[in-house]
Amino acid sequence: MSPPVLSAQGIVKRFGAATILDGIDVSVRRGEVLALVGPSGCGKSTLLNILSGLVPPDAGELAVDGVPATQVSDWRRIAYMFQEDRLLPWRSVRDNVAFGLEASNLSRADRRRRADDMLALVGLRARGDAWPHELSGGMRSRVALARSLAVQPEVLLMDEPFSKLDPQTRSQMHEELLRIQAGNGMTVVFVTHDMEEAVVLADRVVRLAARPGRVADVVNLAGLVRPRVPTAPVVAEQVRVLRAAA
């Protein structure tokens, strides 16, 4: 059996005298969609930052494909989509998508082609020459997703990327993400406060307890058939159970 694409064992993180995460064990299977949920301040985003390699733990071990994180030389296989879209206002939509490719050995023409392909994937091929201020919130989120996908990651980490969208646009982005993930088989780990979002998107939900953050339980949702409609009784019941446990 192949190792988990990401494995965090005994993770501890402190900020000053405060312990944020205390003994976290989380394994992420290749090709799955994993949700991290829990109350505010329980360390969900901190754990995501550790999984990305951006923040080192104070104790414990992170492994990528079975290799200790301290020995991983190429982190480009992991992309991070932040809560804010972080689009550069002085760059066109196309150039924003191509931004992460500038450190690669791709030519300018190839970067442009890759950016256009990613924009087409998220339904924005015709907006490549537009500026970020000309886009709606939903479109900006699509551009941010296209930018993350442009580097062709094996793993996509997402920190509440759809939290600021209206319900209809958020639902559209859910469909878009699942369509893309089903097409390329990438692994997705996302943080959310929205239990409905967790149930609609995830194969498994890891619920963290309040500070210091610990794994309270792991809920397997792989048996729920997609697409999952929030009003469907089996989906609504699972949302109710997660909310009651929060």
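Because the structure is a prediction, the values reported are computed rather than measured.
- For the pair T187 and R29, the minimum side-chain heavy-atom distance is 4.5 Å or more.
- We find the CG-OG distance between D25 and S7 to be 8.0 Å, quoted to the nearest 0.5 Å.
- At least one side-chain heavy atom of L62 sits less than 4.5 Å from a side-chain heavy atom of L51.
- The heavy-atom pair separating N96 from R91 by the smallest distance is ND2-O, 3.0 Å.
- Criterion: ILVMFWY side-chain heavy atoms under 4.5 Å apart, direct or through other members. Under it, V33 and L6 are not part of a common hydrophobic cluster.
- Screening residues 143-172 for salt bridge (Lys or Arg N to Asp or Glu O under 4.0 Å) gives R30-E154 as the qualifying pairs, with residues at least two apart or on separate chains.
- Note: the hydrophobic cluster containing Y80 does not contain M173 (ILVMFWY, side chain heavy atoms under 4.5 Å, direct or indirect links).
- The other members of the hydrophobic cluster of L101, by chain and number, are L106, V151 (side-chain heavy atoms under 4.5 Å, ILVMFWY only).
- Connection of L156 to L48 is not established within any shared hydrophobic cluster, with ILVMFWY side chains joined at heavy-atom distances below 4.5 Å, either directly or through further cluster members.
- Across L135, L165, V122, T169, a single residue satisfies side chain to side chain contact (heavy atoms under 4.5 Å, CB included) together with S141, and that is L165.
- Side-chain contact between R240 and R243: absent, with no pair of heavy atoms (C-beta onward) separated by less than 4.5 Å.
- Of all the heavy atoms in A35 and A202, the pair that sits closest is CB-CB, 3.8 Å.
- P230 is linked by a side-chain contact (heavy atoms from CB on, under 4.5 Å) to E196, V200, counting only residues two or more places apart in sequence or in another chain.
- Taking each heavy atom of V225 and R228 in turn, the nearest pair found is O-CG, 3.2 Å.
- We find the CD1-CE distance between I180 and M118 to be 8.5 Å, quoted to the nearest 0.5 Å.
- The ring-ring contact (aromatic ring centres under 6.0 Å, His included) test applied to F162 returns H174, not counting sequence neighbours.
- Distance check, rounded to the nearest 0.5 Å: OG of S45 to CG of L36 gives 9.0 Å.
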Derivation and outcome, salt bridge (charged side-chain N to carboxylate O under 4.0 Å, His left out), residues D65 and R77 = CA-CA 11 Å; D65 286 330; R77 71 181 74 180; 2.7 Å; yes
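- A distance of 8.0 Å separates CZ in F190 from CG in L177, rounded to the nearest 0.5 Å.
- Its side chain within the 4.5 Å cluster rule, V234 clusters with V37, M195, V199, V205, V219, L221, L224, V235, V239, L242 among the Ile, Leu, Val, Met, Phe, Trp and Tyr residues.
- Residues L145 and V191 fall into different hydrophobic clusters, defined by Ile, Leu, Val, Met, Phe, Trp and Tyr side chains chained together at heavy-atom separations under 4.5 Å.
- Side chain to side chain, H193 and S163 fail the donor-acceptor criterion of an N or O pair below 3.5 Å.
- There is no side-chain donor-acceptor pair under 3.5 Å between S104 and E102.
- Annotation: side chain of D129 is not in contact with side chain of S92 (no heavy-atom distance under 4.5 Å).
- Residue pairs that meet the salt bridge (Lys or Arg N to Asp or Glu O under 4.0 Å) test with at least one member in residues 179-190, sequence neighbours left out, are E176-R179.
- The side-chain heavy atoms of Q83 and M158, taken from C-beta on, include no pair separated by under 4.5 Å.
- Residues W90, F99 make up the rest of the hydrophobic cluster containing L88, defined by ILVMFWY side-chain heavy atoms closer than 4.5 Å, directly or through other members.
- If you chain together hydrophobic residues whose side chains sit under 4.5 Å apart, I50 and L34 fall into the same group.
- Counting only heavy atoms from C-beta outward, the side chains of I24 and L208 approach each other to under 4.5 Å.
- Of all non-hydrogen atoms in I78 and S52, the two that sit nearest each other are CG2-CA, 4.4 Å.
- By the 4.5 Å heavy-atom criterion applied to side chains, M186 and V155 are not counted as neighbours.
- Within the structure, every pair that satisfies the side-chain hydrogen bond (donor to acceptor under 3.5 Å, both in side chains) test and touches residues 214-227, not counting sequence neighbours, is listed here: D22-R214, D203-R226, R207-D217.
- Looking at residues two or more places apart in sequence or on another chain, you find a side-chain contact (heavy atoms from CB on, under 4.5 Å) between A98 and R111, A115.
- Rounding to the nearest 0.5 Å gives a distance of 8.5 Å between CG of L54 and CG of L157.
- Sorted by first and then second residue, the pairs that involve residues 114-124 and meet side-chain hydrogen bond (donor to acceptor under 3.5 Å, both in side chains), not counting sequence neighbours, are R94-D116.
- Contact record, Q181 with G31: NE2-O, 2.9 Å, taken as the closest heavy-atom pair.
- Applying the side-chain contact (heavy atoms from CB on, under 4.5 Å) rule to A18 yields the partners I20; only residues at least two apart in sequence or on another chain are considered.
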R211/C42 under side chain to side chain contact (heavy atoms under 4.5 Å, CB included): CA gap, chis, key distance, verdict = CA-CA 5 Å; R211 187 179 295 186; C42 71; 5.8 Å; no
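- When all heavy atoms of P57 and G60 are compared, the closest pair comes out as CG-O, 4.3 Å.
- E175 places no side-chain N or O within 3.5 Å of a backbone atom of Q172 that could act as its donor or acceptor partner.
- In this structure S136 satisfies the side-chain contact (heavy atoms from CB on, under 4.5 Å) test together with M139, sequence neighbours excluded.
- Here the straight-line distance linking atom CD of E197 with atom OG1 of T192 works out to 3.5 Å at 0.5 Å rounding.
- Side-chain contact check for V143 versus L124: some heavy-atom pair is nearer than 4.5 Å.
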